[in-house]
Amino acid sequence: MKTGLAALLALALSLTGPLQAQEPAGAAIFKACQSCHSLDPGKAGMAGPHLAGLKGRVLGSAEGFDYSPAFRAAKAQGFAWDRERLLGYLADPDAIVPGGWMSPPAGLRAADRAAVVDYLFTQ
Ligand code: HEC
């Protein structure tokens, strides 16, 4: 009985282990962003701008996306995305780009925001 349980546990671990290794936490969180954002600069018609190469990218600078006046103002000032700014934006968009259009998915914890920023900054 005891060995049966151990075998079952080992099987469960072998099934879930590789899956978790393939998908970092940030990629899973990003699924909540994908209804509006793509990582493919060529994909048109999304509700939000593409997020490829976000690290160091100037705010509001995705080619072909029609941003809010708030983002156009941020772009004119030359602000760029770094880790602090993006963490702040996901926690409270108005604190970083007052009057912008995005409301981030509800229920993101600080750890989720950090994970998705890490993920996006390597895409
Ligand atoms: C319901 C749609 C929607 C969802 C879901 C959403 N966003 Fe957005 N996002 C937008 C829109 C629209 C804008 C443009 C805002 C503006 O012009 O004011 C935007 C802008 C952004 C920008 C600024 C990009 C730039 O070019 O400067 C970042 C970064 C961003 N979103 C990240 C995220 C992340 C990360 C998530 C998931 C945790 C997310 N968004 C979820 C709609 C969404």
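We count ligands from 1, going down the list as the structure has it; atoms in each ligand are counted the same way. By convention here, the first residue in the shown sequence is residue 1.
There is a path of hydrophobic side-chain contacts, each under 4.5 Å, that joins Tyr89 to Phe30. Phe121 and Leu108 end up in the same hydrophobic cluster when Ile, Leu, Val, Met, Phe, Trp and Tyr side chains are linked at under 4.5 Å.
Of the heavy atoms in Ile29, none comes closer than 4.0 Å to ligand 1. Only the side chain of Trp81 comes within 4.0 Å of ligand 1, counting heavy atoms alone; its backbone N, CA, C and O stay farther away. Residue Ala47 touches ligand 1 through its backbone alone, judged by heavy-atom distances below 4.0 Å. Within the 4.0 Å heavy-atom criterion, neither part of Ser103 lies near ligand 1. Contacts with ligand 1 closer than 4.0 Å are made by side-chain heavy atoms of Leu54 only, the backbone lying farther away. If you look at Leu90 next to ligand 1, the close heavy atoms, those under 4.0 Å, all belong to the side chain. Counting heavy atoms under 4.0 Å from ligand 1, residue Trp101 touches it through both backbone and side chain. At a heavy-atom distance under 4.0 Å, no atom of Arg113 approaches ligand 1.
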Check: His37 and Met102: side-chain contact (heavy atoms from CB on, under 4.5 Å), yes or no, with the steps?
Finding: CA-CA 11 Å; His37 294 286; Met102 174 174 130; 3.9 Å; yes

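In this structure, Leu51 and Leu39 approach most closely via the heavy-atom pair O-CD2, 3.6 Å.
Contact between Asp66 and ligand 1 is absent, with no heavy atom of the residue lying under 4.0 Å from the ligand. Heavy atoms of Pro49 come nearer than 4.0 angstrom to ligand 1 in at least one pair. Between Gly60 and ligand 1 there is a heavy-atom distance shorter than 4.0 Å.
Asp82 has no carboxylate O lying under 4.0 Å from a charged side-chain N of Lys55, or vice versa, which leaves the two without a salt bridge.
Counting atoms of ligand 1 from 1 in the listed order, those under 4.0 Å from a heavy atom of Leu120 are 35 (C).
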